[in-house]
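Here is how names work: the chains are called A, B, and so on, in the same order as the sequence lines, proteins then strands, and each is numbered from 1.
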Amino acid sequence: MVVDDEEKANILNTFFSTVFTVENEMLGEIPRNNENPILRVTNLTQEEVRNRLNKIKIDKSPGPDGIHPRVLRELTTMPTHRSIHWFRKGLRLHDNPALLAAMRDCDELHPIFILDPWFPKNMRVSVNRWRFLIESLRDLDENLKRINSRLFVVRGKPAEVFPQLFKKWKVTRLTFEVDTEPYSRQRDAEVEKLAAEHNVEVIQKVSNTLYDADRVIAENNGKPPLTYVRLQTVLSSIGAPKRPCPAPTDENMRDCRTPWKSSYEEIYGIPTLEELGQDPSKLGPHLYPGGESEALQRLDLHMRRTVWVCNFKKPDTEPNSLTPSTTVLSPYVKFGCLSARVFYWRLVEIYRGRKHSSPPVSLHGQLLWREFYYTAGAGIPNFDKMVGNSACVQVDWDENKEYLEAWRECQLMCPGCLVMTVSDLPQARTGFPFIDAIMTQLRTEGWIHHLARHAVACFLTRGDLWISWEEGQKVFEELLLDADWSLNAGNWLWLSASAFFHRFFRVYSPVAFGKKTDKNGDYIKKYLPILRKFPAEYIYEPWKSPRSVQERASCIIGKDYPKPIVEHETVSKRNIQRMKAAYARRSGKDGPQSPSKKKGVKRTASVAEFFKKK
DNA sequence: GGATATGTTGACGGC
DNA sequence: GGCCGTCAACATATC
């Protein structure tokens with residue numbers, strides 16, 4: 001729609017003289033939809049109209065004939081912006097409100113991604129996940145090309161990079177998606193300050209999660225919900241998640257250009273694994289290519305299975321199927337290649353008019369678990385640590401390097417490691433085939449089923465090895481393609497019965513649990529070929545097999561494959577008692593359930609009384 | 001403020 | 001194969 005300035009003025013005049021009674025009260029009356037003449041004609045959002053009107057401090061009385069010349073001028077003059085949209089997570093064009101905000105009234109757009117040295121310094125990232133990131137960036141660049149733009153990959157610390165870019169590109173506006181992780185918050189606050197110093201407007205939009213985590217916390221009296229049911233109650237008071245916004249098209253870029261020169265490929269190109277100091281020969285099989293395009297295809301593929309989607313119950317899916325029994329959309333959601341809101345509303349469409357499963361076990365339920373942990377991570381200080389974490393039971397975990405290595409290191413002869421020689425590989429392992437197979441799949445493929453994560457996490461912590469969940473957290477952080485700070489910490493807290501989940505006497509058996517869905521042990525044989533000749537009877541407990549069976553299987557336990565490092569029946573019983581003691585200490589003298597809490601209650605009561613008396 | 005219901009997904013034995 | 005009770009007994013939310 002092309003509207004010239006005169007026509008624009010006429011439309012606005014009509015609107016103001018009939019509806020608009022001056023004063024800021026009228027802003028609340030501006031309808032949000034496209035039928036609103038102000039929004040339609042000016043191409044501004046309600047928020048932007050509000051900002052502009054606030055800026056000029058319009059006076060109370062309308063001019064002659066109900067015309068407000070200053071208002072008109074302010075709203076019809078299209079300021080031109082030079083925007084940076086900063087991609088961090090949210091590596092996508094669809095449902096990216098901050099990117100759309102960057103494009104509004106913009107004549108020069110620089111979409112950037114920053115290779116921030118903080119990450120490799122402070123976070124372990126496997127070569128598999130680097131590959132996923134690179135592919136996602138490459139796909140993002142391709143998708144930007146389609147709308148006549150490009151991705152600039154900038155190398156350096158954000159706080160040092162931005163002042164240079166602001167000057168170099170004469171930037172007036174910076175947009176990005178809200179991120180609630182501790183480092184992100186600190187980094188973004190710093191960048192916001194720098195932007196202010198350079199007169200750069202900052203626009204932040206919530207689009208990583210279904211809901212604004214800070215709002216959820218506020219609605220729950222300033223505390224993140226500690227149970228799923230509580231979260232659901234709070235969310236139902238807020239209402240359904242916002243609908244996703246459409247991907248920008250070349251129409252959005254009509255009056256806007258991205259200045260790209262061929263020489264920029266050198267400076268701002270997509271990095272290679274080598275540039276990132278990664279060894280491509282260590283890559284596992286290429287099962288889950290990164291990127292928005294792949295994410296949307298994968299979503300389509302799974303959402304076509306209407307019956308499967310409607311019947312989906314997470315606990316009924318198999319941790320040890322030979323191909324994933326769930327969608328494996330998690331890496332795509334983690335990097336923001338797929339919008340959680342798009343996923344959510346797609347499910348709404350499929351569920352409509354059909355009988356379907358419900359949270360917490362349904363696919364909607366899975367997205368809500370993500371909200372649960374994001375909210376907890378946003379609202380609980382030291383969420384990824386035991387000490388200083390108010391939600392976390394303080395447990396006297398052991399330090400046991402030998403056990404930890406046995407759990408975390410790669411099994412010999414794993415499919416992704418066949419090129420390596422025995423001496424290249426750490427030789428430690430737990431001796432429980434189910435546990436070792438899962439850890440092998442994790443290390444080589446970068447994804448394991450949620451219940452498989454339960455099995456190995458319980459084994460490392462409260463079940464068998466009595467090693468701190470923080471150690472497991474580090475290993476998952478490195479190896480999982482979908483490693484997401486809040487979800488990783490939250491799930492480790494859960495599995496170790498340190499927070500959210502407290503029935504610590506329910507322990508996963510490293511033998512029995514896998515048998516339920518894979519009697520023959522095909523999963524074990526796939527990831528631990530050394531055990532492939534064992535009969536089903538002994539595949540979960542090869543150490544119990546007679547010598548003759550081991551010889552026939554060409555695998556002597558204790559020589560070719562280790563004996564179990566612990567006796568599960570013994571240590572799990574002992575560990576339950578240790579957990580019991582840790583919980584007793586918590587409710588005894590130094591936990592939140594203790595006298596200090598009682599004091600808090602009293603204090604609240606006295607404050608209430610104080611106000612009553614007044 | 002004490003009692004009660006509930007909590008995504010345990011293992012095991014018996015029917 | 002599915003359902004049930006037992007094992008031993010946790011925290012949180014709600015009334």
Side-chain angles (χ1 to χ4, degrees), chain A residues 220-221 223-234 236-237 311-321 325-326 357-373 376 380 389-395 432 434-435 438 448-459 461-464 487 490-491 493-519 540-541 568-588 591-594 597-598 600-602 604-605 608:
Chain A
N220 193 45
N221 305 318
K223 290 170 293 183
L226 292 176
T227 66
Y228 193 86
V229 171
R230 184 76 203 146
L231 176 81
Q232 284 179 298
T233 309
V234 176
S236 68
S237 76
N311 291 333
F312 185 93
K313 286 183 183 163
K314 188 62 162 281
D316 295 349
T317 59
E318 299 182 6
N320 45 7
S321 51
S325 60
T326 50
S357 55
S358 299
V361 295
S362 63
L363 283 166
H364 258 176
Q366 306 314 302
L367 288 169
L368 293 185
W369 279 109
R370 182 168 179 270
E371 298 295 303
F372 179 75
Y373 290 126
I380 300 173
N389 180 341
S390 63
C392 181
V393 180
Q394 305 296 302
V395 178
F432 289 94
F434 183 55
I435 301 298
I438 293 168
I448 50 178
H449 186 277
H450 187 66
L451 291 178
R453 301 179 196 201
H454 280 215
V456 296
C458 183
F459 184 85
T461 57
R462 65 187 170 87
D464 294 81
L487 279 64
N491 276 304
L493 283 161
W494 183 291
L495 258 302
S496 62
S498 297
F500 313 122
F501 171 85
H502 306 281
R503 286 173 289 184
F504 51 76
F505 38 87
R506 291 194 172 176
V507 177
Y508 288 85
S509 159
V511 171
F513 187 64
K515 277 188 190 170
K516 282 194 289 190
T517 45
D518 179 21
K519 252 193 155 51
Y540 285 86
E541 303 166 281
H568 173 73
E569 286 68 25
T570 316
V571 293
S572 62
K573 282 198 185 75
R574 186 200 63 197
N575 290 349
I576 287 172
Q577 294 311 310
R578 289 181 83 170
M579 281 308 283
K580 192 177 163 184
Y583 270 88
R585 282 195 294 278
R586 176 183 166 90
S587 55
Q593 296 298 308
S594 61
K597 188 186 174 182
K598 282 180 196 151
V601 171
K602 265 186 202 160
T604 316

- request: Round to a whole Å and report the spacing from CZ of Phe500(A) to C1' of dA13(C).
  value: 16 Å
- request: Write down the distance separating the P atoms in dT6(B) and dG5(C), rounded off to the nearest Å.
  value: 15 Å
- prompt: Between Asn320(A) and Gly514(A), which heavy-atom pair has the shortest distance, and what is it?
  reply: ND2-O, 2.9 Å
field: Whole-Å C1' distance, dG1(B) and dT14(C)
entry: 12 Å
Rounded distance in Å between the P positions of dC7(C) and dT8(B): 25 Å
query: What residues form a side-chain hydrogen bond (donor to acceptor under 3.5 Å, both in side chains) with Thr317(A), not counting sequence neighbours?
result: His449(A)
query: Parallel, tilted or perpendicular: which fits the ring planes of Phe434(A) and Tyr540(A), with parallel below 30° and perpendicular above 60°?
result: tilted
query: In whole angstroms, how far is the C1' atom of dT8(B) from the CG atom of Leu363(A)?
result: 13 Å
query: For the pair made of CZ in Phe312(A) and P in dT8(B), what is the distance, rounded to whole Å?
result: 16 Å
query: Quick one: Tyr228(A) OH to dT8(B) P, roughly how many Å, whole number?
result: 8 Å
- prompt: How long is the line joining CG of Leu226(A) and P of dT14(C), in whole Å?
  reply: 11 Å
message: On a heavy-atom basis, which atom in Pro319(A) and which in Ala452(A) lie closest, and how many Å separate them?
response: CB-N, 3.6 Å
message: From CZ of Arg230(A) over to C1' of dC15(C), roughly how many Å is that when rounded to an integer?
response: 14 Å
message: Only Watson-Crick and G-U wobble pairs with both distances less than 3.5 Å should count. Give DNA chain C in dot-bracket notation, marking inter-strand partners with |.
response: .||||||..||||||
side-chain N/O Arg586(A) vs dC10(C) OP1/OP2, d < 4.0 Å: no
query: Please give, in whole Å, the distance from dA11(C) P to Met579(A) CE?
result: 10 Å
field: side-chain contact (heavy atoms from CB on, under 4.5 Å) partners for Ala497(A), two or more places apart
entry: Arg462(A), Phe501(A), Phe504(A), Met579(A), Tyr583(A)
By ring pair (Phe, Tyr, Trp, His ring centres under 6.0 Å) - contacts of Phe513(A) (at least two apart): Tyr508(A)
query: Side-chain donor-acceptor pair under 3.5 Å between Arg453(A) and Asn491(A), yes or no?
result: no
- prompt: Shortest non-hydrogen contact from Asn311(A) to Ser357(A)?
  reply: C-OG, 4.0 Å
field: Euclidean distance for P, dA8(C) against dT12(C) (whole angstrom)
entry: 24 Å
task: Give a yes/no on whether any side-chain N or O of Lys580(A) is located under 4.0 angstrom from OP1 or OP2 of dA9(C).
output: yes
- request: Please collect all salt bridge (charged side-chain N to carboxylate O under 4.0 Å, His left out) contacts where either partner lies in residues 494-517 of chain A, sequence neighbours excluded, each pair once.
  value: Lys515(A)-Glu541(A)
query: Could you run down nucleotides 9-15 of chain B 5' to 3' and tag each one B, S or - for protein heavy-atom contact under 4.0 Å?
result: BBSS---
- request: Quickly work out the Leu368(A) CG to dT8(B) P distance and round it to whole Å.
  value: 12 Å
